[in-house]
Amino acid sequence: MRAGITKHITFHSARHTNAVLLLENGADIYTVSKRLGHKELRTTEIYAKIIDTKMKEAAEIIPSLNIEL
């Protein structure tokens, strides 16, 4: 409250943040899946899609180069 954070943070939010941080920092999806206790790898792939979106956004930051040959 002193920090001014008004969002209701749940246990699920912490799991989600942990999974995304692990994937962003190079953990393989199988390890993250097991760490989260997912029975299906497909469940964990949701987090990987978030990472893919972030990579695309980062790539779009780079301006186009006009190089004439």
Side-chain angles (χ1 to χ4, degrees):
M1 294 305 231
R2 291 186 317 196
I5 299 171
T6 58
K7 178 179 170 65
H8 178 68
I9 299 173
T10 64
F11 179 74
H12 178 75
S13 298
R15 284 176 49 87
H16 179 80
T17 299
N18 181 258
V20 171
L21 286 173
L22 286 169
L23 290 168
E24 283 181 341
N25 287 288
D28 66 278
I29 194 163
Y30 180 78
T31 302
V32 174
S33 179
K34 293 303 170 194
R35 182 178 172 111
L36 294 173
H38 292 162
K39 293 181 182 178
E40 302 271 338
L41 194 60
R42 286 182 290 174
T43 306
T44 314
E45 288 175 351
I46 294 165
Y47 299 104
K49 289 179 184 175
I50 293 168
I51 304 306
D52 289 343
T53 301
K54 290 291 185 186
M55 286 192 305
K56 288 177 187 173
E57 288 174 4
E60 291 172 1
I61 292 172
I62 300 170
S64 299
L65 299 175
N66 295 321
I67 300 175
E68 294 183 31
L69 300 175

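- A search for side-chain contact (heavy atoms from CB on, under 4.5 Å) contacts involving S13 returns I9, T10, not counting sequence neighbours.
- Not counting sequence neighbours, the partners of E57 by the side-chain contact (heavy atoms from CB on, under 4.5 Å) test are T53, K54.
- Atoms OG1 and NE2, on T17 and H12 in that order, are 9.0 Å from each other to the nearest 0.5 Å.
- Residues passing the side-chain contact (heavy atoms from CB on, under 4.5 Å) test with T43 are H38, E40, sequence neighbours excluded.
- Under the 4.5 Å side-chain contact rule for hydrophobic residues, I46 and L22 do not share a cluster.
- Taking every heavy atom of both residues into account, L23 and V32 meet most closely at CD2-CG2, 3.8 Å.
- Among pairs with a residue in residues 19-30, those fulfilling side-chain hydrogen bond (donor to acceptor under 3.5 Å, both in side chains) read D28-T31, at least two apart in sequence or across chains.
- The ring-ring contact (aromatic ring centres under 6.0 Å, His included) contacts involving residues 40-69 comprise H16-Y47, where partners must be two or more places apart or lie in separate chains.
- With sequence neighbours left out, R35 forms a side-chain hydrogen bond (donor to acceptor under 3.5 Å, both in side chains) with N18.
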